[in-house]
Amino acid sequence: MRVIRTMSYDHRSIEARWQNAWRERGTYRTTEDPSKPKYYVLDMFPYPSGAGLHVGHPLGYIASDIVARYKRHCGFNVLHPMGYDSFGLPAEQYAIQTGQHPAKTTEVNAARYREQLDRIGFSFDWDREVRTSDPAYYKWTQWIFLQLFNSWYDTRANKARPIEELIDRFEAEGCQGQDAEVLTGDIEEPLGAFTADEWKGFSERTRQMVLQHFRLAYLSEAWVNWCPALGTVLANDEVKDGVSERGGHPVERKRMPQWSMRITAYAQRLLDGLDDLDWSTSMKEAQRNWIGRSEGASVRFPVGDDFIEVFTTRPDTLFGVTFLTLAPEHVLVGKYTTEGQRAEVESYVQEAKNRSERERQAEVDRITGVFTGSFAKHPFTEADIPIWVGDYVLAGYGTGAVMAVPGGDQRDWRFAKHFGLPIIAVTEGADIEKEADESKEATICSEGFLKGMQVPDAIRRAIQELEKLEAGEGRINYRLRDAAFGRQRYWGEPIPIYYRDDIPYPLPESELPLVLPEVDKFLPTEDGEPPLARAKDWNYDGYPLETTTMPGWAGSSWYFLRYMDPHNAERFASPEAIAYWKQIDLYVGGSEHATGHLLYFRFWTKFLHDRGWLPFDEPARKLVNQGMIQGVSAIVPFISRVSIEEKLDSVEDVGWMETSVAPFVYVSEAVIHGGELDARIRTVYEAYWPKLKNSSARLSFQFSGSHESIENVDSRNTIDVGGFIKSRSSSTGARPIEVLDDGDNRLTVRREVEKMSKSKLNVVNPDDIIARYGADTLRLYEMFLGPIEQSKPWDTNGIEGTYRFLRKFWNLFHQDNVGNGNNAGNEDNVVHVSDEEPNRAELKVLHATLKKVQEDIERMSFNTSVSQFMIAVNELGALKCNKRAVLEPLVVTLAPFAPHIAEELWSRLGHAESVTAAPWPVHDPQYLVEDSFSYPISFNGKTRLQLEFPIALSKEDIEAAVLANPEVQKRLEGKPPKKVIVVPKRIVNIVV
RNA sequence: GCCCGGGUGGUGGAAUGGUAGACACGAGGGACUUAAAAUCCCUUGGUCCGUAAGGACCGUGCGGGUUCAAGUCCCGCCCCGGGCACCA
């Protein structure tokens with residue numbers, strides 16, 4: 001028998017050939033080239049996990065790759081690198097379990113990632129690959145840390161400056177007033193003012209302690225999110241609902257010495273900078289919420305010779321203050337507790353401190369508090385104001401104390417009600433018996449100079465009065481906290497700090513990189529010290545080195561700069577490279593990084609800018625968040641409970657089925673929705689439960705679902721029963737399996753869209769898709785699925801459409817018998833294109849496609865450009881067009897989307913150079929000009945018929961022609977139309 | 001509770017205020033074939049009328065409004081996704 005060769009599109013050989021060719025020729029290698037405009041496209045750094053990629057991961061990479069390739073065709077010099085954020089918890093957890101060094105696991109995982117990425121045909125310049133765990137890389141992460149340590153934020157100049165300048169200032173002027181206000185981190189012990197002479201008299205230790213209050217990377221006693229299960233502290237963005245984001249372990253508030261980053265100094269600039277960024281509104285809003293700016297006033301309530309400072313957004317309600325509340329952790333609680341109240345207060349504080357974050361958040365409705373026994377003076381009325389302690393006041397926000405206005409704040413109101421404290425109405429018309437009036441569109445009614453004023457005016461007036469009395473001032477407060485920077489973990493960048501007399505000192509730059517030491521175990525020491533404490537000789541010149549390591553976000557906060565000059569041994573990147581590549585023009589990644597990475601990397605960029613290392617202060621002008629690709633799970637319903645309906649007292653007749661023989665009963669979804677479900681199930685049970693047979697006892701059932709691998713499901717949502725039973729029997733033990741199937745040995749499953757995950761058996765591996773359909777099909781299909789920002793389920797069934805499209809595209813070049821009803825391509829698989837001049841119809845298809853695809857790429861609407869390609873191929877197929885002048889530009893246009901097939905066709909068309917070097921074909925509008933338009937003729941907005949008129953025809957002529965039309969006349973029934981609207985090249989609407 | 005998104009056929013989705021459902025999947029029918037694969041053609045939002053050709057009405061979460069014309073703009077709700085949340 002003769003083997004029939006179906007000589008058509010063979011993705012396997014094509015893709016292997018071109019991936020090799022690109023590697024060998026260095027097609028995507030990029031160098032700085034001042035003769036060309038630059039374009040920087042970056043994907044968010046992946047963490048190389050052991051699980052490898054699933055089809056959801058490359059979605060953003062494909063989109064950015066299309067843009068990168070498109071920009072190259074348009075003449076841009078494109079920087080499009082990739083690397084790995086290779087420090088991180090999973091490798092370390094794995095190391096703890098297996099003893100395998102995290103560096104090794106990371107290496108293996110990165111190699112696997114690379115292999116998978118290569119198979120998809122990305123245009124990454126791999127010569128620029130960076131890894132955060134590479135000492136040559138983290139040398140510069142450590143270097144930036146040292147710069148942060150050696151910098152302070154000058155609120156007058158509104159920028160970071162070298163710490164030496166602060167020391168100079170102290171020596172000349174001391175520290176007074178405004179300088180002391182940079183401390184916005186946690187509740188800080190107020191730093192007293194000092195003179196130049198006092199500074200000069202300070203001991204080394206005192207000076208260093210003072211400077212810690214100013215350094216942008218600093219060590220302090222701070223409230224941290226301690227996660228006992230992970231054995232480390234977490235940054236705020238790593239905690240969600242009181243548990244760790246990774247793993248969901250409980251988190252506690254704990255006070256401990258802690259390296260922090262003074263990101264709060266940049267709060268306002270991080271907020272303002274958002275305005276000019278081309279990011280989605282939701283992303284900007286997330287950052288704005290996280291920064292949480294609120295305007296108000298700080299007010300000092302005198303207590304004896306000291307005072308309590310509070311922050312309020314409503315100084316206009318000052319006359320409604322009936323008590324003050326301190327957070328349990330507030331440093332002044334002890335000081336103001338009277339002897340009589342001491343026992344009660346201390347036990348309350350103790351209890352409040354021991355409650356985890358999660359408990360406190362979960363029990364929002366529980367009102368607790370205790371009176372300290374002391375009173376403060378109202379700054380205006382001089383009335384005695386009782387001082388309470390309550391855990392509804394957060395230690396970490398504002399000053400950790402509030403002035404309670406139960407008439408104007410619902411939380412204060414509830415606290416007052418609960419403890420029987422007085423409630424004064426602050427606004428006109430408020431029903432303070434029922435609730436507080438928090439409205440800002442109100443008139444102040446409390447006695448005093450604010451009476452009768454509108455809220456906004458009263459706020460301004462109150463601040464003026466406070467400032468006059470020096471009892472307070474207008475103030476802006478942020479929710480943003482300083483970021484915890486140290487991790488009690490092994491697999492991260494060592495912090496380049498050593499201790500002399502317990503004072504932290506920076507390592508000299510010449511000592512960098514401070515390489516991660518070898519340890520015997522990746523666990524904390526017996527004394528609870530971090531793993532680095534296990535390292536031998538972990539000291540500098542005999543002084544102990546810091547043992548915590550940097551968090552995951554350190555390395556990723558500046559990596560976009562390293563790609564510009566990845567092998568530079570002298571600097572993190574040369575000024576020339578930075579000046580050339582500048583900001584990221586397009587940054588693509590997940591929206592889950594809104595309040596973590598994306599904030600930190602803006603922060604570091606602003607800092608590096610302040611210190612003169614960058615000519616820009618925002619890292620990414622445009623940001624696009626790709627949606628998640630969800631998995632479609634297949635769920636087989638099974639009976640999780642059988643019971644005898646209670647009303648019928650036949651339990652005794654029937655007895656209970658022996659558990660040991662009770663079968664697992666799986667029921668096809670189709671059967672559940674079909675008829676006679678109960679009867680069929682009963683029949684199954686009767687076989688195992690003889691007494692049931694002749695009984696009238698009625699059974700009721702409860703269903704649960706069991707995940708089945710989506711790979712086994714066909715396009716009709718059914719699976720093979722034989723295979724299903726076989727796969728289940730291993731886990732069900734001796735108990736039998738019964739299946740109520742659809743017949744034909746098939747069983748219908750229920751589909752559910754969920755997150756793609758191993759445990760849900762709905763993971764689709766790109767390698768499998770590529771083996772079957774090819775990378776080009778995968779790329780096209782991922783784009784075709786829908787808008788890039790949207791989350792959507794992966795359904796492998798739909799991929800046939802894009803695969804078919806590529807074959808049709810291929811066949812346009814390979815048929816000598818175009819359009820004979822057999823598009824299988826010619827047998828020799830030799831390109832067969834005609835050099836004839838294309839006709840008008842063919843040119844119209846081409847230019848319409850060039851136009852649409854270009855516009856769609858510019859607005860990142862890739863699903864619609866894929867549609868346009870399909871339309872083009874369908875139409876050219878119908879026109880039997882195989883003309884070079886039409887097909888060649890299409891190859892270039894398709895190249896960003898499906899680079900392998902494009903390269904292959906390009907070379908078959910006789911080009912020696914890569915298609916990536918071809919200029920982008922620009923559409924010519926003259927081929928899109930129509931000379932007539934088929935007008936939809938509508939009556940009262942409803943389309944009734946179509947009439948074709950020349951484009952050149954005037955509105956009046958069209959109107960006349962339309963009204964003269966017999967069909968239109970018939971519809972008007974002789975009555976004159978009220979109005980006729982003619983929109984040229986759009987529509988005619990007749991109002992009757 | 002507050003702040004952002006979003007809701008369109010069986011499915012993924014398309015539509016500068018101007019013919020709703022492009023393109024694709026799935027489904028149904030047909031051609032080719034011994035058969036299958038592959039390929040090609042037709043139908044495919046709903047309801048109704050008609051033997052048919054064809055036609056009518058309804059339809060973009062719900063209720064109003066603006067407009068000659070609304071998926072698109074405005075107001076009020078409902079639902080889904082995301083962010084923030086005892087934040088003073």
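What you see is a predicted model; the values in this text were computed from it and never measured. Numbers restart at 1 for each chain; the letters A, B, ... are given by sequence-line order, proteins then strands.
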Nearest-nucleotide pick for A/Lys808, side chain only, options being B/C40, B/U39, B/A20: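 Looking only at side-chain atoms, A/Lys808 lies closest to B/C40.
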What string of B, S and - do you get for [range], 5' to 3', when a contact is any protein heavy atom under 4.0 Å?
range: nucleotides 56-67 of chain B; result: SSS---------
range: nucleotides 6-15 of chain B; result: ------BSSS
range: nucleotides 82-88 of chain B; result: -BSSBBB

What do the steps show when you test A/Phe301 against A/Phe307 for side-chain contact (heavy atoms from CB on, under 4.5 Å), and what is the final call? CA-CA 5 Å; A/Phe301 287 77; A/Phe307 59 84; 5.9 Å; no
G-U wobble or Watson-Crick pairing nucleotide for [N] (cut-off 3.5 Å, both distances):
N: B/G50; value: none
N: B/U67; value: none
N: B/C23; value: B/G12
N: B/G17; value: none
N: B/C84; value: B/G1
N: B/G45; value: B/C58
N: B/A38; value: none

Tell me, with the steps shown, if A/Arg750 and A/Glu752 meet salt bridge (Lys or Arg N to Asp or Glu O under 4.0 Å). CA-CA 7 Å; A/Arg750 179 157 49 87; A/Glu752 218 163 84; 2.7 Å; yes
Is it the case that over 12 heavy atoms from other parts of the model lie below 6.0 angstrom from the CD atom of A/Glu858?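 Yes, enclosed.
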Within a radius of less than 6.0 Å around NZ of A/Lys851, do more than 12 heavy atoms belonging to other residues, nucleotides or ligands occur? no
Is it the case that [X] and [Y] place a side-chain donor and acceptor less than 3.5 Å from each other?
X: A/Tyr600; Y: A/Thr595; answer: no
X: A/Ser791; Y: A/Gln630; answer: no
X: A/Thr427; Y: A/Asp437; answer: yes
X: A/Ser867; Y: A/Thr864; answer: no
X: A/Tyr348; Y: A/Thr368; answer: yes
X: A/Thr849; Y: A/Gln868; answer: yes

NA contact type, [X], heavy-atom cut-off 4.0 Å: base, sugar-phosphate, or nothing?
X: A/Val983; answer: base
X: A/Arg288; answer: nothing
X: A/Ile871; answer: sugar-phosphate

Please report, rounded to the nearest Å, how far the [atom2] atom of [N] is from the [atom1] atom of [X].
X: A/Tyr803; N: B/A37; atom1: OH; atom2: C1'; answer: 12 Å
X: A/Glu782; N: B/C23; atom1: CD; atom2: C1'; answer: 18 Å
X: A/Asn989; N: B/G18; atom1: CG; atom2: P; answer: 13 Å
X: A/Leu806; N: B/A24; atom1: CG; atom2: C1'; answer: 13 Å
X: A/Lys880; N: B/C40; atom1: NZ; atom2: P; answer: 14 Å
X: A/Glu592; N: B/G5; atom1: CD; atom2: P; answer: 20 Å
X: A/His814; N: B/A38; atom1: NE2; atom2: P; answer: 21 Å
X: A/Phe809; N: B/C23; atom1: CZ; atom2: C1'; answer: 17 Å

Mapping A/Asn940 and A/Gly798 onto RNA chain B by nearest heavy atom, which one lands closer to the 5' end? A/Gly798
Find which nucleotide of RNA chain B each of A/Val866 and A/Phe933 is nearest to by heavy atoms, and output the residue with the more 5' nucleotide.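 The 5'-side residue here is A/Phe933.
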With rounding to whole Å, what would you report as the distance between [N] and [M] at their [atom1] atoms?
N: B/U66; M: B/C75; atom1: P; value: 15 Å
N: B/G17; M: B/U67; atom1: C1'; value: 9 Å
N: B/C23; M: B/A38; atom1: C1'; value: 22 Å
N: B/C42; M: B/G76; atom1: C1'; value: 47 Å
N: B/U11; M: B/G65; atom1: C1'; value: 34 Å
N: B/C62; M: B/U44; atom1: C1'; value: 28 Å
N: B/G6; M: B/G55; atom1: P; value: 38 Å
N: B/A14; M: B/A22; atom1: C1'; value: 5 Å

Taking syn as any angle within 90 degrees of 0 and anti as the rest, which one fits B/G9?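 It is syn.
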At what distance, to the nearest 0.5 angstrom, does OG1 of A/Thr802 lie from CZ of A/Arg779?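 The OG1 atom of A/Thr802 sits 13.0 Å away from the CZ atom of A/Arg779.
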Passes ring-ring contact (aromatic ring centres under 6.0 Å, His included), A/Tyr773 versus A/Tyr803? Steps please. CA-CA 7 Å; A/Tyr773 300 100; A/Tyr803 188 49; 5.1 Å; yes
Would you please indicate yes or no on a ring centroid separation below 6.0 angstrom for A/Phe869 and A/Phe897?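 Yes, the ring of A/Phe897 comes within the 6.0 Å limit of the ring of A/Phe869, centre to centre.
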Looking at the rings of A/Phe415 and A/Tyr392, which for Trp means the six-membered one, are their centres under 6.0 Å apart? yes
